[in-house]
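Taking it in order: structure first as structure tokens, then the write-up.
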Amino acid sequence: MEKRIRETELNVIFETCRVIGQALKLDQALDTILAILSSSLAMKRATVTLKDEETGYLIIRASHGLTEAERKRGVYRQDEGITGLIFRTAQAYIVPDISKEPLFLNKTRSRHIQKESITFLGVPILLHGKPIGVLHVDRLFGDEVPFDEDIRLLSIIATLIAHFVSLNLQVRLREAKLLMDCSYPGKSASEAQSRFFMVGKSPSMEVVQHQMEKVAPSKAAVLLLGESGTGKTLVARILHDLSTRSASAFVKINCASLPENLLESELFGYEKGAFTGAVRSKAGRVEEADGGTIFLDEIGELTLPLQSKLLRFLQEKEFERLGSTATRRVDVRVLAATNRDLAAGVAEGTFREDLYYRLNVFPIHVPPLRERKDDIPDLLRHFVEKISQEYGRNVGISKPAMAVLTKYDWPGNVREMENLIERLVIMADGDEIDASLLPSFLSVQGNDSQSVEQPLSRIEEIERKEVLAALERNRWNQTRTARELGITLRQISYRIRKFGLDRLLEKYRKGA
Ligand SMILES: Nc1ncnc2c1ncn2[C@@H]1O[C@H](COP(=O)(O)OP(=O)(O)O)[C@@H](O)[C@H]1O
Ligand SMILES: [Mg+2]
């Protein structure tokens, strides 16, 4: 007897597992599962009720032994009846005699045939411990088998159903994504990202990636905002590759790298004799970008006269080379990036308002790394792998080192990480980056502040971290650090003492 139950159970589970190939057609697969239960066991009626994501209602998705009309009536609120109860409590529920159970709503009105003798049992369908629906049957085994046997088998079946539902959802999401990729007139996202890959599964980076996918195929100007080193240039590069212009040039200009007059001739070109030294005519970078994309990095550094010229170019796509009156036209898409607050620049009068609005049609904020710490481990692994490969090494990160690197705030963002990993890969002796290789400031931040005599305020804590990171970036060269931070040498040495960084400075000097 016991043995026969086991055999029947195993058979049912086995048959159910075979339906997995049908998971793409979920309703059909669920019907098949219920049919298996009915043909192998004593079950006459069963329903699979799943929560509808949009409405939150519990809706019968598959049934056995119910007419179409009965099936259609089977929609429950989550606070309604036994189905709702099982769903809310995530507990199995047995009704020995339906006619005496007020909770049983009999919405489907099919139970009146068998009346009092019918028992009714239900188990929650749980996915990762959370209810997504309810599986009901009137019974599984005959009267001679105790209920807990029924419940046990039913729970196994419910678990299998949960995985069908999950698999089905994953396939549908993947399909939707593929459809989106294919609808790009240019290259598919996966193709483009194989060259320029963006690591980041954190919610805020998913927003960024979603915005990128939306705006890439359009001609709209995109303004990339975010701190230095967060990945703005990378985003611009990927936007170009995802666009219809990917076969044409991606031209990058750093607006901070050249003085005003040189920048203008670089952008728009010049004619022979336009200025001393202009011995022959030269096309501007905007001409080079014709049909493609021009990326204006550090746009916040542009002087007001050049801002006007750029505005005209953005509006009319027209320009003149320096020393020429002939108006030229090009077809370029403009992407821009800045780590400045342009709106503040507008308020202060250093940035033209009309240019700001022109550029700000589609802003994308790339968040600093400290605001998406979830991404740190993946980024670390990405860089270790990439840089190891470049150096022909095979290096990994030890667990303790990983722990320190994951906690760090990365004020210089992804760029700081990439640079540090490069140094660590070079320095690693064996096949592992050990915690002993890490610069001391990494583990000093935060918990070491007790060693400073005066307790620091939160603002001072932040300042201390910034100063420390800047010192490290500049290899503890105080002059360079002061320049980077825009303070005097005296101010930096005062801060080094005030924040108790002089011990670290000593250590660095001894080590270097
Ligand atoms: N999400 C990311 N995944 C992989 N590499 C990244 C990511 N973000 C930035 N990087 C890399 O970090 C470095 C700095 O990024 P970059 O785009 O130059 O920053 P920004 O332009 O904002 O200063 C680049 O080498 C870039 O390729
Ligand atoms: Mg950049």
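Numbering of ligands and ligand atoms starts at 1, following listing order.
Atom 23 (O) of ligand 1 has as its closest protein heavy atom Gly229 N, 2.7 Å. Of the protein's non-hydrogen atoms, the one nearest atom 25 (O) of ligand 1 is Glu418 OE1, 2.5 Å. Here the protein heavy atom with the shortest distance to atom 5 (N) of ligand 1 is Phe383 CZ, 3.6 Å. Scanning all protein heavy atoms for the shortest distance to atom 21 (O) of ligand 1 gives Thr233 OG1, 2.8 Å. Counting protein heavy atoms only, atom 4 (C) of ligand 1 is closest to Phe197 O, 3.5 Å. In terms of protein heavy-atom proximity, atom 2 (C) of ligand 1 is closest to Val199 N, 3.6 Å. Residue, atom and distance of the protein heavy atom nearest to atom 6 (C) of ligand 1 are Leu234 CD2, 3.4 Å. In this structure, atom 10 (N) of ligand 1 lies nearest to the protein heavy atom Val414 CG1, 3.3 Å.
A salt bridge is absent between Glu418 and Arg415; no separation between the charged side-chain nitrogens and carboxylate oxygens falls under 4.0 Å. Salt bridge status for Arg358 with Asp354: absent, with no side-chain N to carboxylate O gap under 4.0 Å.
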Exercise for the section: Check step by step if side chain to side chain contact (heavy atoms under 4.5 Å, CB included) holds for Lys219 and Arg245. Expected result: CA-CA 10 Å; Lys219 253 195 94 169; Arg245 300 169 169 263; 3.3 Å; yes

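Across Thr230 and Arg372, no two heavy atoms sit closer than the pair O-NH2, 3.2 Å. Counting all heavy atoms, side chain and backbone alike, Leu342 lies closest to Gly300 at CD2-CA, 3.8 Å.
Residue Thr230 has at least one nitrogen or oxygen atom sitting less than 3.5 Å from a nitrogen or oxygen atom of ligand 1, judged on distance alone.
Of the candidates Leu420, Asn419, Ile421, Met417 forms a side-chain contact (heavy atoms from CB on, under 4.5 Å) with just one, namely Ile421.
With rounding to the nearest 0.5 Å, the separation of CG in Asp434 from CG in Asp431 is 11.0 Å.
Taking every heavy atom of Met198 and a limit of under 4.0 angstrom, the matching atoms of ligand 1 come to 1 (N), 3 (N). Under a 4.0 Å criterion applied to the non-hydrogen atoms of Gly231, ligand 1 contributes the atoms 8 (N), 9 (C), 15 (O), 16 (P), 17 (O), 19 (O), 20 (P), 22 (O). Set against the non-hydrogen atoms of Arg415, the atoms of ligand 1 under 4.0 Å away are 14 (C), 16 (P), 18 (O), 19 (O), 20 (P), 23 (O).
Ring orientation note: the planes of Phe441 and Tyr408 are nearly perpendicular, at an angle over 60° on the 30°/60° scale.
At a heavy-atom distance under 4.0 Å, only side-chain atoms of His382, from C-beta outward, approach ligand 1.
A heavy-atom separation below 4.0 Å is found between Ser228 and ligand 1. The closest approach between a heavy atom of Leu379 and any atom of ligand 1 is below 4.0 Å.
For the residue pair Tyr391 / Glu422, a side-chain donor-acceptor distance below 3.5 Å is found, with atom types taken as modelled. Side-chain contact, Ser202 with Asp375: a donor N or O sits under 3.5 Å from an acceptor N or O.
The Mg ion (ligand 2) has no N, O or S atom of Asn254 closer than 2.8 Å.
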